[in-house]
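The block underneath contains the structure these notes are about, expressed in structure tokens.
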Amino acid sequence: MNRRKFLALSAMAVMGLTLAPTLQPAFGSTPRLEEELQKRLGVKLAQIKEVGEVKLTAPTIAESGANVPITVESDIPIDRVEHLWVFVDKNPIPWIADVKLTPMNGQVYFSTRIKMGETSNVRAILKLKDGSYVMATKEVKVTAGGCG
Amino acid sequence: MAIGAGILRVPKEAKKGEVVRVQMVITHPMSPPRKDPATGQEVPPHTLTKLELFYNNRLVSTVNMGAGISANPFMAIALKVDESGVVRIAYEDNKGGKWDRTAEIKVT
Amino acid sequence: MKKKTLLALFTAGAVAGGLLSTKAFAQVEGELTPEQEMKLVQEYNRFLAEGINPGEVWYEVGKEAIKKYNLDKCDLGLGPGVFKGAMTQLPRYFADAGKVMDLETRVGWCLQKHAGMTQDQVLKFVRHCWGKTGNCVSEYDGIIMYLTMESNGQKINVNLKDPKVKRMYDIGKQIYYARIGPWDFNCATCHAGKQEVRIRATRLWSADRPGEAGNAVSIFPKYLVRWGLPMTMHYRYSECMRQMRWPEFIPHSDLAVALSAYLYGTANGTEIKAPGIGR
Amino acid sequence: MKKVALTAITLLFLSGMAQSQQKKAQPQKKEPPVTQEEVIKVLTSGFSTDPRFIWKVQQDEAQKVCSQYTSREAMPAQAVQKIIQLSQSDIRYPQWGIFWGDWREGKKIVDNPRGGRFASYGFSDSPTDRGGNCYACHLIEKGAPGGTMGPNLYQYGKKWNITKENMNSPEALERVKAVYNIIYNAWSAFPCSSMPRFGHNGAFSPEDVMNIVTFLLHPDSPVNK
């Protein structure tokens, strides 16, 4: 019961913040990430809109940080998209990779396996032809597997 | 087999206008800069830096990457196929290694 | 209840674009039971299994190495150089060697016979990448990968009617349950029992749950993402014994064959699907 | 380590299983059962003869008994009694008796996964590594990833109602002793348990064991926060 109430509240809070994303630094950002975003994209995380049309598939828990499979897909038509980036907030170097896309791709799709030093948000960011940025975020919990 | 060998996999056949997945695995350590625990010396990074995807010699995509990609990288990218042709990937690392691989798709 | 919570969060996240999903997740995460976490780790393994398995690269390495080391003369039980389906019937008895051998032991025998290696050279060849975590490529790993993949899609069919094989199976089973060493472990400590348990985050397969031994051995050699190389069965045995605080394991020994006879014998009927992939 | 397995010189034996396992997939002709010598021969054939480690193959009496059964449920009462008796008589306590130790020292051992593993190709622990690798099998501190082979030990002291006020009462110290016995020799309470007999085998000293018990039970320990 309590939790439901909490959930309803947090959902509302989430929506409230999304409606006014520039009021404060985006939740969960790190100085390293902001630095990288500034260097490579020239924007702050708070300026990037999180949208449902970008889909980031990644495991909720990874048994090994050495190899975390991720897939970025989007319904946004390929001729409206220019570039794709993958970042991991808490990695020593948050930038993982970026892909220049063209209409010849037919579709926004990029799948790979990445390294994660610790539990962190993974972000897939698209630059659209109109100069705006959109993204998807997923937290991946890195845990320890095996005998030790 | 040495560093840079790999597998490039595409469907052998596709319909005109179909979007297919170009999958690849490349053997590469993708090692970040680190200190050798034994000697304490700095070991420079060794990673793939760039991969280009061509279809019939037209550049489709360029991937830039670093040590954040796992060792022996796997990647998959979409490709729209309008005619039969040759998929080529060309990739290079930060120590001057350059390789390429090709595969064919027949449009039916 | 928990499923509902997750669902509600996902919906909220989707509606709002999930900007604050971090916070939402932290809330849910603290409440995940170990069983739920175990399921989520299995999801990770499913994701890993999609796409190309880097271990497949070793198939080509092996193909070349087989020519280089004259192994096209090697008889795995179906005749010299006949490799398709050969893995399914191993371990088996070899009259020329006078003993039961599994795939790796037989390859070692062939390397001595057809490539002129001494036993020590073979062991060095086998262990080329053992203990390495970088980008290590071993021709031996390639050979085992190639020979196993040649039987992909076929079912394991160890002949337990052969008394010699059955005997190794029996010995293997006794060894599986033998408690040895300063930490009192046996193979069954981790890989037996009806209850699903995990070691740290890793779910353990059990010889007591139907099909699990088969699923475990049929994917070897298995590509390990943490080391970036495929692990052969004998390397697996060695690593398990190191973790069990047992004395140091010697590949291609009768101990390995006995364990293989027990494990592959138990796995009879399982389709070979090499390489697997995992942490 | 020195104490290990010295009670018996002969190598393992596992007679009971030979019978129980021959029901399945049996050839028509009755083969003579696998002998102890055969198993020993195969086992030792697979180990390096390095004198630093080969002694590990020697089984003590309790190990021999446990090797015969695939689970505790399969053990006859007599065998259970035998293990309990062997194990209880073996427990040694710190020279000062049953007193609380230092949970910080206990935590170090609990957290450390290294200790006792050797392979000549690498990945070996150093002789000074003295970890219990407890998280492999147990959940202990809140949020720390752990296994589920053993019971969940989070708030273990709270579970036994150990508080600052009552921690030196006879009842609380009785509990300390009971947990001490389990860690020193798990088989004294749970015959043939998966848990290593850390004290018996010499992996931990009595003081180490007491520090681990303190980490698990002490009201100040993060385990009970």
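Letters A, B, ... mirror the listed sequences (proteins, then strands); counts begin at 1.
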**Fill in**
Smallest heavy-atom separation, C/R167 atom then D/P32 atom, equals NH1-O, 2.7 Å
**Complete:** So, the part of C/L204 with a heavy atom under 4.5 Å from chain D: the answer is side chain
**Asked** C/E239, C/Q195, C/H252, C/R127: which one forms the most heavy-atom pairs within less than 4.5 Å of chain D?
**Response** C/E239
**Prompt:** Is atom CZ of C/R236 surrounded by more than 12 heavy atoms (other residues, nucleotides or ligands) closer than 6.0 Å?
**Reply:** yes
**Request:** Might you confirm whether atom NZ of D/K41 has over 12 heavy atoms from other residues, nucleotides or ligands at distances under 6.0 Å?
**Result:** no
**Request:** Can you tell which part of D/S193 gets under 4.5 Å to a heavy atom of chain C, answering side chain, backbone, both or neither?
**Result:** backbone
**Prompt:** Would you say D/Q88 has more than 12 foreign heavy atoms packed within less than 6.0 Å of its CD?
**Reply:** yes
**Item:** C/P182 versus D/W55, closest heavy-atom pair with distance
**Value:** CG-CH2, 4.3 Å
**Request:** Please flag which part of C/T202 lies under 4.5 Å from any non-hydrogen atom of chain D: side chain, backbone, both or neither.
**Result:** neither
**Fill in**
Looking only at heavy atoms, the pair that brings D/F123 and C/R242 closest together is O-NH1, 2.6 Å
**Item:** Polar side-chain atom of D/T148 near backbone of C/V197 as donor-acceptor pair, under 3.5 Å
**Value:** no
**Request:** Below 4.5 Å from any heavy atom of chain C, which atoms of D/S120 appear? Answer side chain, backbone, both or neither.
**Result:** both
**Request:** List the atom of D/S45, the atom of C/S253, and the distance in Å for their closest heavy-atom pair.
**Result:** O-CB, 3.5 Å
**Fill in**
Heavy atoms of C/W183 and D/G131 approach each other most closely as CH2-O, 3.5 Å
**Prompt:** Between D/F47 and C/M241, is a side-chain contact (heavy atoms from CB on, under 4.5 Å) present by the stated rule, with each step listed?
**Reply:** CA-CA 10 Å; D/F47 292 134; C/M241 290 180 199; 3.8 Å; yes
**Prompt:** Would you say D/L139 and C/P34 make side-chain contact, with heavy atoms under 4.5 Å?
**Reply:** yes
**Request:** Decide ring-ring contact (aromatic ring centres under 6.0 Å, His included) for D/F118 and C/W246; before the verdict, give the C-alpha distance in whole Å, the side-chain angles of both, and the deciding distance to 0.1 Å.
**Result:** CA-CA 8 Å; D/F118 172 83; C/W246 281 20; over 10 Å; no
**Asked** Using non-hydrogen atoms only, which part of C/F185 is less than 4.5 Å away from chain D: side chain, backbone, both, or neither?
**Response** side chain
**Request:** Report the option among D/S124, D/G115, D/G143, D/A144 that has the most heavy-atom pairs separated by less than 4.5 Å from atoms of chain C.
**Result:** D/G115
**Asked** Is there a side-chain contact between C/Y177 and D/Y69 (heavy atoms, below 4.5 Å)?
**Response** no
**Prompt:** Between C/I250, C/D184, C/L255, which shows the greatest number of heavy-atom pairs under 4.5 Å with chain D?
**Reply:** C/D184
**Request:** Could you look at C/E35 and say if it's the side chain, the backbone, both or neither that has a heavy atom under 4.5 Å from chain D?
**Result:** neither
**Asked** C/Q174 versus D/V34: any side-chain heavy-atom pair under 4.5 Å?
**Response** yes
**Prompt:** Does a side-chain heavy-atom distance below 4.5 Å link D/R117 with C/M244?
**Reply:** no
**Complete:** So disulfide (SG to SG under 2.5 Å) across residues 177-213 of chain D, not counting sequence neighbours, yields D/C66-D/C192
**Prompt:** Do the side chain of C/R198 and the main chain of D/G146 share a donor and acceptor less than 3.5 angstrom apart?
**Reply:** yes
**Top contributor to chain C contacts, counting heavy-atom pairs under 4.5 Å, from D/C137, D/S48, D/G122** = D/S48
**Complete:** dist C/I171:CD1 -> D/T35:OG1 (nearest 0.5 Å) comes out at 7.5 Å
**Complete:** Tightest non-hydrogen contact, residues D/V42 and C/A258, listed as CG1-CB, 3.9 Å
**Asked** Is there a side-chain contact between D/L43 and C/I180, using heavy atoms and a 4.5 Å cut-off?
**Response** yes
**Prompt:** Counting only heavy atoms not in C/Q119, do more than 12 sit closer than 6.0 Å to its CD atom?
**Reply:** no
**Message:** Is there a side-chain contact (heavy atoms from CB on, under 4.5 Å) between C/K132 and D/Y121? Walk through the geometry before answering.
**Reply:** CA-CA 8 Å; C/K132 304 262 168 68; D/Y121 51 82; over 6 Å; no
**Prompt:** Do the non-hydrogen side-chain atoms of D/M149 and C/T189 ever get within less than 4.5 Å of each other?
**Reply:** yes
**Prompt:** So, D/N133 and C/R200: side-chain donor and acceptor under 3.5 Å apart, yes or no?
**Reply:** yes
